[in-house]
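What follows is a single structure, written as structure tokens, with notes after it.
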Amino acid sequence: MEPAGALPRSCSPAPEAAEPPGSPALPAEERPPAAAAREARHRGPGPQGPAGRGARGGGRRAPGRRGGEPGGRARRPRVTVDSSKAKTSLEALKISLRQLRWKEFPFGRRLPCDIYWHGVSFHDNDIFSGQVNKFPGMTEMVRKITLSRAVRTMQYLFPLEYNFYPRSWILPDESSFFEKEIRMMKDRDPSWKPTFIVKPDGGCQGDGIYLIKDPSDIRLTGGLQSRPAVVQEYICKPLLVDKLKFDIRLYVLLKSLEPLEIYIAKDGLSRFCTEPYQEPTLKNLHQVFMHLTNYSLNIHSGNFIHSDNVNTGSKRTFSSILCRLSSKGVDVKKVWSDIISLVIKTIIALTPELKVYYQSDIPAGKPGPTCFQILGFDILLMKNLKPMLLEVNANPSMRIEHEQELSPGVFENVPSPVDEEVKVAVIRDTLRLVDPQKQKKKDIQSQTLEHVSDAKEELLDAGPPDRLEHDANKNTEAGLPSLCLKQVFPKYAKQFNYLRLVDRVAALFIRFLGVKGTTKLGPTGFRTFIRNCKLSNSNFSMASVDILYIDITRRWNSMGIDHKESGMCWQAFVEAFFCLAQKKYKSLPLHEQVASLIDFCEYHLAVLDEKRLVCGRGIVERRNALVTCQTDGLQLIPAAHTSLLNRMATASKLADYRNHQY
Ligand code: ADP
């Protein structure tokens with residue numbers, strides 16, 4: 001048995017083993033994350049004593065100790081964190097805060113805090129400043145049906161790039177389509193004996209999940225209508241370790257939506273089944289301990305092994321699995337690279353709708369916090385080592401203890417070293433990355449550097465920004481292990497940016513939503529979109545536009561998605577947009593049709609903005625005299641109110657489009 005700290009470099013999920021295909025090599029990792037995290041836990045925060053299990057619970061300071069840097073360094077205000085809503089992540093959060101020497105407010109605070117740590121969702125209370133560890137709408141966004149829809153949109157556009165998600169159907173809306181499709185495929189290939197997994201929407205911990213061999217086996221009792229579900233092709237040939245099926249829980253930090261910033265934790269958890277795996281047959285379909293890897297289910301199996309060692313037992317670190325695979329000659333760098341691609345592509349699929357939710361909760365101009373979020377990605381490795389996405393959790397469990405039955409009916413919470421090793425590092429390093437003081441320092445540095453650059457441009461070429469940043473990190477983070485979170489976006493943006501088409505469609509949707517705080521587009525908003533983007537003509541009259549709007553909106557609203565607001569929801573707009581793209585650019589593949597229509601719309605909107613600008617300038621010049629401007633019912637916006645950035649963006653969009661066209 002090898003301690004995790006002694007993992008060979010080749011099998012630790014270190015950055016050098018984690019490049020998307022074709023990427024340049026990453027800088028060498030300083031040391032394995034598992035060892036570093038363990039050291040930090042035992043070393044603790046210096047004068048405050050060990051930050052490990054012994055130091056948990058109270059958040060009390062050692063007598064006589066004050067906030068500030070040890071060793072006589074200048075004291076700086078400590079980052080304040082409201083942990084009153086942290087729920088089950090509280091223990092891991094407390095340890096992280098002690099390691100960082102940040103100030104915890106376990107019962108909340110009357111003054112604003114720098115960071116609010118929520119255990120469940122963004123809407124735990126009203127916050128107008130600082131940072132919250134949840135995005136509005138994320139919980140809705142990663143529900144099984146919404147995730148399947150978002151990935152499916154990307155599968156339409158980029159089928160090869162999005163083949164990491166099992167083929168899925170949404171029940172009950174697509175029941176008959178599911179039956180028909182499977183019947184057709186079986187007729188075509190009678191030897192095909194598929195298995196499907198039915199998962200209730202919004203379920204978790206394996207709740208209500210079952211396997212079927214035929215669409216007719218779907219259980220309609222229990223009200224499918226009242227509890228919609230996703231039915232998915234079952235992955236029959238997973239990679240086995242010790243003859244057991246397992247999945248991977250990876251922690252991903254969405255640090256920012258705009259600009260997109262994604263980090264992946266270098267280590268995760270592997271959760272094991274507790275019965276040896278056999279490919280599904282009618283006889284074993286019901287054996288959940290064989291087919292479902294959920295910890296919450298398998299813990300009830302007599303075969304569940306609690307282990308203090310990260311390399312053994314029913315829950316292990318992912319790095320220990322990679323180590324095993326590496327010793328068998330598996331190319332673990334390739335496995336990591338595929339996982340990174342899967343994560344980036346999944347987030348690219350989620351961001352458009354997330355932006356719609358975001359603007360509805362925190363409309364531009366309204367005071368609100370900034371958001372970040374730790375997501376739990378559940379991934380299954382197939383026998384051929386291809387990673388497949390099972391689901392994304394908006395609230396991955398951050399518990400570092402588990403319940404143990406001491407004697408019949410008597411339970412006690414006992415520490416789980418594997419969970420603690422991975423989860424404390426993820427929370428602590430998330431906090432380090434969103435540290436508001438570091439952010440302030442960065443802003444000051446970049447301002448200083450802008451100053452310097454005006455005077456002495458050659459200084460920048462010598463590279464002082466990196467050195468300054470490095471020194472700042474060294475001062476504030478002395479004694480902490482290197483970050484366990486690795487940036488993958490924008491780092492690999494070049495390789496993935498071409499997939500971000502739907503983000504641009506979301507920008508159009510949001511622009512025409514009109515009333516702040518809504519998520520649905522009214523008929524007038526849709527007409528304005530068509531008119532402003534010059535999409536109607538003799539072949540496509542405004543009457544046809546209305547029919548398109550009514551048809552698509554009615555269908556989506558009848559699916560029981562959200563009846564709170566009337567109007568066209570985001571998915572309906574995407575369908576309408578694809579439909580318009582197919583109409584306008586008949587001979588191209590879908591992603592090119594969509595890209596061309598986006599370019600076309602952006603061009604016309606840029607022209608319009610330019611016109612508004614000119615009219616606005618006219619207004620200013622004529623000292624608020626009324627100006628009539630032939631821009632089909634547009635508001636006139638004085639140039640003074642249009643930011644320079646906007647004007648530059650408009651100009652560059654026009655230039656881009658013209659270059660593209662001619
Ligand atoms: P839940 O949110 O209830 O945990 P999941 O989608 O994670 O739902 O599914 C539960 C478990 O079922 C997974 O951990 C995995 O072991 C198994 N599973 C889910 N989808 C598939 C699939 N398509 N193929 C094979 N196994 C699957």
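Counting convention: from 1, in listed order, for ligands and their atoms alike. Throughout, numbering of the chain's residues begins at 1 and tracks the sequence.
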Closest non-hydrogen protein atom to atom 3 (O) of ligand 1, residue and atom name please, with distance?
Gly206 N, 2.7 Å
If you scan protein heavy atoms around atom 18 (N) of ligand 1, the nearest is Ile197 CD1, 3.6 Å
Using the ring centroid of each side chain, check whether Tyr498 and Phe496 are separated by less than 6.0 Å.
no
Salt bridge (charged side-chain N to carboxylate O under 4.0 Å, His left out) partners of residues 186-213, not counting sequence neighbours, each pair once:
Arg143-Asp201, Lys186-Asp214, Asp207-Arg227
Phe122 to Val132 - nearest heavy-atom pair and separation:
CD1-CG1, 4.2 Å
For atom CZ of Phe177, is the number of surrounding heavy atoms from other residues, nucleotides or ligands below 6.0 Å larger than 12?
no
Using distance alone, determine whether Ile235 and ligand 1 share an N or O pair under 3.5 Å.
yes
Report the part of Met388 in contact with ligand 1, treating N, CA, C, O as backbone and CB onward as side chain, heavy atoms under 4.0 Å; options are side chain, backbone, both, neither.
neither
Does the distance from a Lys or Arg side-chain N to an Asp or Glu carboxylate O, for Lys266 and Asp429, drop under 4.0 Å?
no
Please write down residue, atom name and distance for the protein heavy atom closest to atom 4 (O) of ligand 1.
Asn294 ND2, 2.6 Å
A student checking ligand 1 against Pro166 at a 4.0 Å heavy-atom cut-off should list atoms 23 (N)
Ligand 1-proximal atoms of Asp247, by part, heavy-atom distance under 4.0 Å
side chain
Which of the atoms in ligand 1, numbered in the order shown and given with their element, are less than 4.0 Å from a heavy-atom of Gly203?
2 (O)
With a cut-off of 4.0 Å, which atoms of ligand 1 are near a heavy atom of Lys144?
1 (P), 2 (O), 3 (O), 6 (O), 8 (O)
Note: Lys245, heavy atoms under 4.0 Å from ligand 1, region reported as side chain
Determine, using ring centers only, whether His291 and Tyr234 are less than 6.0 Å apart.
yes
If you measure from atom 16 (O) of ligand 1 to every heavy atom of Thr293, Val288, Asp207, which option wins on shortest distance?
Thr293
How would you list all residue pairs meeting ring pair (Phe, Tyr, Trp, His ring centres under 6.0 Å) that involve residues 181-208, not counting sequence neighbours?
Phe178-Phe196
Assess whether a salt bridge exists between Arg399 and Asp419, defined as any Lys/Arg side-chain N lying under 4.0 Å from an Asp/Glu carboxylate O.
no
Of all the heavy-atom pairs spanning Trp117 and Ser89, show the shortest one and how long it is.
NE1-OG, 3.2 Å
Of all protein heavy atoms, the one nearest atom 19 (C) of ligand 1 is Lys199 NZ, 3.4 Å
Nearest neighbour in protein (non-hydrogen) for atom 21 (C) of ligand 1:
Leu390 CD2, 3.5 Å
Please could you name the atoms of ligand 1 that Ile209 approaches to less than 4.0 Å, counting only its heavy atoms?
3 (O), 8 (O), 9 (O), 10 (C)
Tell me the contacting part of Leu292 for ligand 1: side chain, backbone, both, or neither, using a 4.0 Å heavy-atom threshold, strictly below.
both
Do Arg149 and Glu353 sit within salt-bridge range, that is, some charged N less than 4.0 Å from a carboxylate O?
no
Counting only heavy atoms, tell me which of Met382, Glu391, Lys237 gets closest to atom 7 (O) of ligand 1.
Glu391
